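Given the structure is predicted, the values throughout are model-derived calculations rather than measurements.
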Amino acid sequence: MTHTPAPQAGPLVTGSEIARLAGVTRAAVSNWRRRYDDFPTPRGGGANSPLFDLTEVRAWLDKQRKGQEVSVEVQLWQALRGVYGDDMLGGLVHVARLLTEGEAPQELPADIARLVRNLAESDGAAEVVSILAERFTESVRRTGSDQVTSSRVIRAVSHFAGEVAPDATLFDPACGIGSLLLAIGPQQSPRRCGQESDARSATFAQLRADLTGHVGAGIVRGDSLRDDQWADLKADLVVCDPPVGESDWGREDLLLDPRWEFGTPSRAEGELAWLQHAYAHTAPGGRVLMVLPASVAYRKAGRRIRAELVRRGVLTQITALPSGTAASHALPVHLWHLRRPLTPRDAVTSVRMVDLAAGDPEGSLEPAPEQMADVSLIDLLDDAVDLTPGRHVGDSHRDYAAEYQTLRRQLTEQARHLAELLPALAAGEGPSSLDGPTVSVADLARAGLVEYGDPEPVSISDQLDTDYLQGFLRSGANTRRSTSTSGTFRLDGKGARIPQMDITEQRRYGAAFRALQEFEELARSVAELSRDAAILAREGLGNGALAPEG
C-alpha cells in the first residue's frame with residue numbers, strides 16, 4: 001500500500017496582510033469573515049491574531065472579485081481625501097453625523113453622502129465608521145504622527161487588561177478618536193469615560209461610540225491636565241496612550257495640584273504628570289495601564305517620582321513591548337501597570353519586569369519564563385531607580401556561579417603571566433643613557449631613518465630598533481620635556497632625543513621596553529578583571545546567587 005504524504009502547508013498570512021492584498025482595511029476583512037460563510041478558515045495563530053492559508057485567500061478573493069476593482073470604501077476614502085485634504089478629521093465628523101442623524105451636514109458634498117449611504121446600506125453604519133477610523137489611523141501612522149494609537153498598542157493594552165467586568169468603569173484621559181477606550185472590554189456593558197483636548201477628535205470619538213453600540217460612553221472635550229472634566233471620577237481601569245515629549249503641559253499652573261501624589265514632575269517629565277493624573281482617577285483596587293516611552297524608565301529628572309511609585313507599592317509591572325509596536329517609530333515603548341492598593345497591606349512587595357522588546361510586534365504577548373523577573377522593591381531603589389525591564393530580566397537569569405568561576409580562572413591565568421612578563425633588570429653602571437651621546441628624532445627623520453606615525457615615530461631602517469626608539473621616547477627626561485608647566489602632557493616627537501647605540505645594544509633595550517609595554521597592557525586587563533570579579537562576587541553574595549565555600 002502506497003502512503004501519500006499530506007500536502008505541505010502553504011504560507012500563512014494575517015488579516016492585515018489580506019487587507020493589503022485586497023486594498024481594503026482590516027475592518028473590511030473582519031466584516032468579510034462575518035458575512036461570508038465560505039471565507040477561508042484560520043490555519044494557525046490565536047483567536048486574536050488568526051493566520052490564513054495564502055492560496056485559499058487568493059482563491060476566495062478571485063471568486064468574490066475582491067481587490068479587482070475599486071471598492072466603495074476605497075472610493076469613499078479617496079473622495080474624502082480629495083475634498084478635506086489635511087482636515088480628514090473634519091470629514092470623518094461630517095460622515096459620522098450623517099450616519100447618526102440621517103441628514104448630511106451642509107459641508108458634506110452630495111456625492112460623498114451618496115457613497116456613505118450606499119456603503120452603510122450594504123455593511124452597516126457601525127462598519128462604515130470603523131472602516132474610516134482604521135483608514136485614518138493607518139494614514140496618520142504613515143506620516144509619522146503620534147496623533148492616534150496604533151492597532152499594535154491597542155492589541156497589547158487589551159491583552160494585559162485581560163477580562164473586564166461588565167459593571168466596570170473605564171477611563172482614558174487622552175482618548176483621541178476613541179480607539180483604545182472603545183477596544184477594551186465587552187462592547188456594551190462597561191461605563192466608558194474619555195477626555196480629549198482636540199475638539200474634532202472628541203466629537204468623532206463620541207459619534208463613533210454611539211454608532212458602534214458602546215452604550216453610555218461619554219467623551220468630553222478639554223485638556224485633562226489643565227481642565228479636568230472628570231474630577232470626581234474613580235475608575236476600575238484607566239488606559240492611556242498620552243502625548244509624549246511635550247514640555248508645555250501646564251506645570252507652572254499646577255505646581256500645588258493634589259494629583260502629584262508622588263512628586264511634582266519637571267517640565268521634561270510630562271509623561272509622569274499623565275501617569276499621576278491617571279492614578280488619581282483610579283478607584284481602590286483599580287488599575288492603570290499606560291503606554292510610555294522607554295526613556296521614562298531611566299531619565300534622571302524622573303528618578304524621585306519613580307522611587308515613590310516603587311516605595312509605596314503601587315507599581316506592579318513594566319512591560320517592554322516589541323520594537324515597532326508604536327505607530328510612528330520603531331523605538332521601543334513600555335506599558336506601565338499600576339494598582340491602587342485596597343489597604344496599606346495590599347501594596348506589592350516586588351515589581352514584575354517583562355522584556356518583550358526583541359519579539360515580533362505581531363507575535364505572542366505571553367512572556368516566556370526567561371523574559372520576565374519579579375524584582376524586590378529594595379533592589380529597585382538604588383541611586384538611579386532604573387526601571388528598564390531588560391536590565392532586570394537579564395540580571396535575574398544571570399548564571400552568577402559560572403560567570404564568577406570563568407572570571408576567577410581568567411584572573412588567575414593572567415596574574416601568573418603578568419609576573420612572567422616583568423623583565424629581569426640588573427643594576428646599571430652609571431649616569432643616564434641620555435647623559436651621553438644622543439641624537440634628536442628630528443635628525444633621524446631627516447636622515448630617512450624615522451617617519452612620524454600615529455601617535456609615535458617609528459623606525460623605517462634596519463639601523464634603528466622601533467621598540468628601542470619608542471621606549472626612550474617615554475623615558476623620564478623626554479616625558480619632562482613634553483609636559484607643560486600646567487601639567488599637560490603632549491609628546492614632542494621631533495624634539496625628543498635618544499641615546500646613540502649600536503643595533504645589537506638597541507635590540508637588548510628594545511626587548512626590555514617591549515616586555516614592559518606588554519606588562520602594562522596586561523596589568524590594565526588584570527585590573528579590569530579584578531574589578532569585575534569583585535563586583536560580581538559582592539552582588540552574588542548579596543542576592544543569594546553565590547555563597548562562601550566550606
Side-chain angles (χ1 to χ4, degrees), residues 19 23-28 70-120 123 125-151 153-154 172-183 194-212 217 219-224 226-227 229 241-246 248 326-329:
V24 297
T25 63
R26 281 172 298 202
V70 179
S71 63
V72 176
E73 73 165 83
V74 173
Q75 294 178 47
L76 173 57
W77 180 258
Q78 291 174 346
L80 286 168
R81 176 66 75 187
V83 172
Y84 290 92
D86 293 335
D87 186 28
M88 283 299 290
L89 262 178
L92 298 189
V93 169
H94 293 158
V95 170
R97 289 201 184 282
L98 167 60
L99 294 170
T100 304
E101 302 165 3
E103 294 292 331
Q106 291 183 352
E107 300 91 341
L108 190 67
D111 59 332
I112 294 181
R114 183 174 63 256
L115 287 171
V116 172
R117 290 191 176 99
N118 290 342
L119 192 56
D123 292 356
E127 197 66 38
V128 173
V129 77
S130 297
I131 287 171
L132 291 177
E134 184 170 341
R135 280 202 175 271
F136 177 73
T137 299
E138 286 298 307
S139 67
V140 171
R141 179 190 65 80
R142 286 193 293 269
T143 64
S145 170
D146 286 320
Q147 187 178 357
V148 296
T149 299
S150 76
S151 59
V153 166
I154 294 171
D172 185 346
C175 68
I177 62 172
S179 299
L180 181 57
L181 177 63
L182 302 180
Q195 185 165 343
E196 169 57 40
S197 59
D198 181 73
R200 296 170 305 169
S201 295
T203 300
F204 180 68
Q206 182 63 67
L207 293 170
R208 181 183 180 188
D210 296 340
L211 287 165
T212 53
I219 298 165
V220 296
R221 176 191 175 188
D223 184 327
S224 288
R226 290 186 173 94
D227 184 21
Q229 297 292 305
D241 180 16
V244 299
E246 292 188 356
D248 185 21
S328 62
H329 54 75

Student check: side-chain heavy atoms of Val129 and Phe204 closer than 4.5 Å: yes

Value for CG (Asp241) from CG (Leu180), rounded to nearest 0.5 Å, stands at 7.0 Å

Exam field: side chain Gln195 to backbone Val220, donor-acceptor pair closer than 3.5 Å: no

Heavy-atom pair with the smallest gap, counting every atom of Leu89 and Ser201: CD1-OG, 3.2 Å

Within the structure provided, determine whether Arg208 and Ser179 are in side-chain contact (heavy-atom separation under 4.5 Å). yes

Passes salt bridge (Lys or Arg N to Asp or Glu O under 4.0 Å), Arg226 versus Asp248? Steps please. CA-CA 11 Å; Arg226 290 186 173 94; Asp248 185 21; 2.9 Å; yes

Does Ile112 reach the side chain of Leu80, with side-chain heavy atoms less than 4.5 Å apart? yes

Please test Thr203 against Arg221 for side-chain hydrogen bond (donor to acceptor under 3.5 Å, both in side chains), starting from the C-alpha separation and ending with a verdict. CA-CA 8 Å; Thr203 300; Arg221 176 191 175 188; over 6 Å; no

Just to verify, what does Ser197 make a side chain to side chain donor-acceptor pair (under 3.5 Å) with, not counting sequence neighbours? none

Applying side-chain contact (heavy atoms from CB on, under 4.5 Å) to Leu119 and Gln75, what does each step give before you reach the verdict? CA-CA 10 Å; Leu119 192 56; Gln75 294 178 47; over 6 Å; no

What heavy-atom pair brings Ile154 and Ala183 nearest, and what distance separates the two atoms? CG2-CB, 3.5 Å

If you take all heavy atoms of Ala205 and Leu182, which pair is closest and at what distance? O-CD1, 4.4 Å

Quick one: pull up OG1 in Thr212 and CD in Glu127 and give me the separation to the nearest 0.5 Å. 10.5 Å

What heavy-atom pair brings His94 and Glu107 nearest, and what distance separates the two atoms? CE1-CB, 3.3 Å

Atom of Ala120, atom of Leu99 and distance for their closest heavy-atom approach: CB-CD2, 3.8 Å

May I ask you to check whether over 12 heavy atoms, not counting those of Glu103, lie within 6.0 Å of atom CD? no

Return the minimal non-hydrogen interatomic distance between Ala79 and Leu115, and the atom names on each side. CB-CD1, 4.3 Å

Could you tell me the separation between the CZ atom of Arg135 and the CG atom of Leu76, rounded to the nearest 0.5 Å? 9.0 Å

How long is the straight-line distance from OH of Tyr84 back to CG of Leu92, given to the nearest 0.5 Å? 9.0 Å

Side-chain contact test, heavy atoms from C-beta onward, threshold under 4.5 Å: evaluate it for Val72 versus Asp123 and give yes or no. no

Does the side chain of Thr137 come within less than 4.5 Å of Ile177's, by heavy atoms? yes

Is any side-chain heavy atom of Cys175 closer than 4.5 Å to a side-chain heavy atom of Ile219? yes

